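Scroll down for the structure; my scribbles are underneath it.
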Amino acid sequence: MKNTEKNIAYFHLPGLFEFYDLYSVFLPLYREHREYFYDRFEIASVYGAPADCIWGGGRVGAGECKAEDVLALMKEYGISSRLTFSNSLLRPEHLTDRKCNALCELFAASKGVRNGVIIHSELLLEHIKNIYPELYFVSSTTKVQTDFDEFLSETKRSEFKYVVPDFRLNKQYDKLAALPQVLKDKVEFLCNECCSFYCKDRKACYENVSRKNLGESCEDHICKAPGAEEGYRFSKAMKNPAFISTDDIINTYLPLGFSNFKIEGRGLGSAVILEFLLYYLTKPEYRLTVREEIYLDSMLDLF
């Protein structure tokens with residue numbers, strides 16, 4: 001999975017375990033009717049974590065699908081599976097967790113397209129790198145690296161195949177354009193963040209999620225940013241100064257040499273994820289067609 005072919009946008013989608021039912025309906029449509037979808041846009045990976053994974057981060061995992069079923073679906077369509085193991089508060093005693101190690105072993109042994117891990121903890125990075133070398137690594141945006149030089153140092157690290165910068169670096173075009181191509185190929189932009197551009201509590205929010213995944217008793221993090229009580233709304237995300245639209249991808253990022261784009265949304269409903277798939281992958285004239293195909297599938301409950 002090189003994801004470096006010129007003028008192709010590679011998308012990394014949410015909900016590997018969480019939205020298995022949606023992808024099991026969407027992916028056959030995506031393969032059988034490529035005329036519905038943008039020619040230069042492709043699905044490179046789907047990321048997520050099942051429930052009760054102490055290595056999980058970013059969001060509290062809620063996926064109930066069996067890992068074997070997930071791998072089979074993604075392998076059928078040549079899509080990389082990524083485990084979201086971005087807990088930032090892991091301690092040495094957590095590295096022996098049987099469930100998380102078993103998942104790494106299973107994903108590492110899967111033949112075909114290479115699978116990966118989205119990671120925050122340096123401790124966990126060393127553990128997985130030494131025991132499951134078949135997996136590649138993605139540096140998590142949960143590190144909240146808002147300083148461009150800090151982000152640049154991260155992209156230079158050989159351990160990481162991809163680095164997801166903090167969304168507030170998305171529009172620093174002059175600095176981004178100056179990167180050598182080998183580093184541009186590693187950058188994976190978070191496109192649809194709804195969090196306030198000026199939020200000061202992002203790291204604390206992620207740490208709260210890490211504690212919950214570890215099973216620690218703690219109060220919910222209450223975001224103080226304006227409008228936070230509304231929850232995620234795609235319409236609001238589109239107004240974020242860091243939002244990356246399809247036009248931005250085609251007219252700005254691809255010409256600058258960037259190819260990888262992440263869509264957030266593991267904690268949202270499948271109906272919202274469908275809207276992301278329609279917006280980012282589907283040609284406008286076919287969005288209603290795809291929406292109807294998905295909604296009329298009697299086996300799929302989108303709500």
Side-chain angles (χ1 to χ4, degrees), residues 2-15 22-23 26-27 29-31 33-47 79 141 146 148 151 155 162-179 181 183-199 227 230 232-266 268 271-294:
K2 295 183 178 180
N3 296 5
T4 57
E5 185 176 337
K6 303 306 179 187
N7 296 317
I8 299 293
Y10 297 97
F11 284 89
H12 306 273
L13 304 177
L22 173 60
Y23 288 121
F26 178 81
L27 290 176
L29 190 66
Y30 179 77
R31 181 166 65 184
H33 291 282
R34 283 295 287 148
E35 72 274 13
Y36 294 170
F37 304 97
Y38 289 114
D39 297 332
R40 298 164 60 192
F41 289 11
E42 296 185 7
I43 301 171
S45 77
V46 181
Y47 65 92
I79 296 171
T141 192
T146 57
F148 194 90
F151 156 68
T155 64
Y162 303 100
V163 175
V164 184
D166 187 88
F167 69 106
R168 285 160 288 203
L169 300 181
N170 284 357
K171 301 298 178 72
Q172 295 196 19
Y173 297 129
D174 290 344
K175 292 181 179 179
L176 290 166
L179 295 177
Q181 190 60 50
L183 296 186
K184 289 181 179 181
D185 291 339
K186 296 176 68 173
V187 180
E188 185 178 311
F189 293 100
L190 179 56
C191 296
N192 62 328
E193 178 58 63
C194 190
C195 182
S196 170
F197 189 85
Y198 307 101
C199 178
E230 298 175 352
Y232 188 95
R233 296 189 180 184
F234 195 23
S235 58
K236 185 168 69 172
M238 288 180 170
K239 298 176 184 177
N240 193 303
F243 179 71
I244 297 178
S245 68
T246 53
D247 286 343
D248 291 333
I249 291 171
I250 294 170
N251 298 319
T252 301
Y253 289 91
L254 288 177
L256 284 176
F258 295 98
S259 301
N260 289 283
F261 304 91
K262 179 176 182 176
I263 307 301
E264 76 163 24
R266 285 195 300 139
L268 305 177
V272 181
I273 303 304
L274 175 58
E275 292 305 314
F276 297 157
L277 299 176
L278 292 170
Y279 176 80
Y280 282 106
L281 296 175
T282 312
K283 296 175 183 177
E285 63 268 28
Y286 289 112
R287 287 174 184 167
L288 179 58
T289 301
V290 173
R291 186 182 284 110
E292 288 178 336
E293 289 280 353
I294 300 296

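Since we're looking at a predicted model, the values are computed, not measured. For this chain, numbers begin at 1 and follow the sequence in order. Reckoned from all heavy atoms, side chains included, excluding hydrogens, waters and symmetry mates.
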Using every non-hydrogen atom in the two residues, find where Ile263 and Tyr47 come nearest and quote the distance to one decimal. O-OH, 2.6 Å
Trace of the side-chain contact (heavy atoms from CB on, under 4.5 Å) decision for Phe258 with Leu179: CA-CA 10 Å; Phe258 295 98; Leu179 295 177; 4.3 Å; yes
For Thr155, does its backbone N or O pair with a side-chain atom of Lys186 as donor and acceptor, under 3.5 Å? yes
Would you call the rings of Phe151 and Phe148 parallel, tilted or perpendicular, where under 30° means parallel and over 60° means perpendicular? perpendicular
Do the side chain of Gln181 and the main chain of Gly257 share a donor and acceptor less than 3.5 angstrom apart? yes
Which heavy-atom pair separates Ala44 from Tyr10 by the least distance, and what is that distance? CB-CB, 3.8 Å
Nearest 0.5 Å, what's the CG-CG distance between Asn251 and Leu256? 11.0 Å
Kindly indicate, with the supporting measurements, whether the criterion side-chain contact (heavy atoms from CB on, under 4.5 Å) is fulfilled by Phe41 and Lys283. CA-CA 10 Å; Phe41 289 11; Lys283 296 175 183 177; over 6 Å; no
Report the relative orientation of the aromatic rings in Tyr253 and Tyr173; use parallel for angles under 30°, tilted for 30 to 60°, perpendicular for over 60°. perpendicular
Do you know which two heavy atoms are closest between Lys262 and Asn192, and how far apart they sit? O-OD1, 4.1 Å
Does the Lys171 side chain pair with the main chain of Ile244, one donor and one acceptor, at a distance under 3.5 Å? no
Does the side-chain contact (heavy atoms from CB on, under 4.5 Å) test come out yes or no for Ile79 and Tyr23, once each step is laid out? CA-CA 11 Å; Ile79 296 171; Tyr23 288 121; over 6 Å; no
Rounded to the nearest 0.5 Å, what's the gap from CD on Glu293 to CG on Leu288? Could you check? 10.5 Å
Parallel, tilted or perpendicular, as decided by the 30° and 60° cut-offs, for the rings of Tyr162 and His12: tilted
Quick check on side-chain contact (heavy atoms from CB on, under 4.5 Å): which of Ile273, Ile43, Leu278 does Phe26 satisfy it with? Ile43
Closest non-hydrogen atom pair between Cys191 and Phe261, with its separation: SG-CB, 3.6 Å
In chain order, what residues pass the salt bridge (Lys or Arg N to Asp or Glu O under 4.0 Å) check against Arg40, with sequence neighbours excluded? none
Checking Asn240 side chain against Ala237 main chain: does a donor-acceptor pair fall under 3.5 Å? no
Find out whether Val290 and Phe37 are in side-chain contact, i.e. whether some heavy atom of one side chain is under 4.5 Å from a heavy atom of the other. yes
Using the six-membered ring wherever Trp is involved, compare the ring planes of Phe11 and Tyr280 and label them parallel, tilted or perpendicular (cut-offs 30° and 60°). tilted
To the nearest 0.5 Å, what is the distance between CZ on Arg233 and CE on Met238? 14.0 Å
Between Phe167 and Pro241, is there a side-chain heavy-atom distance shorter than 4.5 Å? no
For Lys236 versus Cys194, what's the shortest heavy-atom pair and its separation? CE-SG, 3.2 Å
Find the distance between CD (Glu264) and CG (Leu268) and round it off to the nearest 0.5 Å. 7.0 Å
Can Val187 and Asn260 be said to form a side-chain contact (heavy atoms from CB on, under 4.5 Å), step by step? CA-CA 7 Å; Val187 180; Asn260 289 283; over 6 Å; no
Asn170 side chain to Leu190 backbone, donor-acceptor under 3.5 Å: yes
Taking Thr282 for its side chain and Leu277 for its backbone only, find out whether a donor-acceptor pair lies under 3.5 Å. yes
Would you give the length of the straight line joining atom CG of Leu22 to atom CG of Leu27, rounded to the nearest 0.5 angstrom? 8.5 Å
Nearest-0.5 Å distance, OG of residue Ser259 to CD1 of residue Ile8: 8.5 Å
Minimum heavy-atom distance between Leu169 and Leu176, given as atom pair plus value: O-CD1, 3.7 Å
Side chain proximity check, Arg34 to Tyr36, heavy atoms < 4.5 angstrom: no
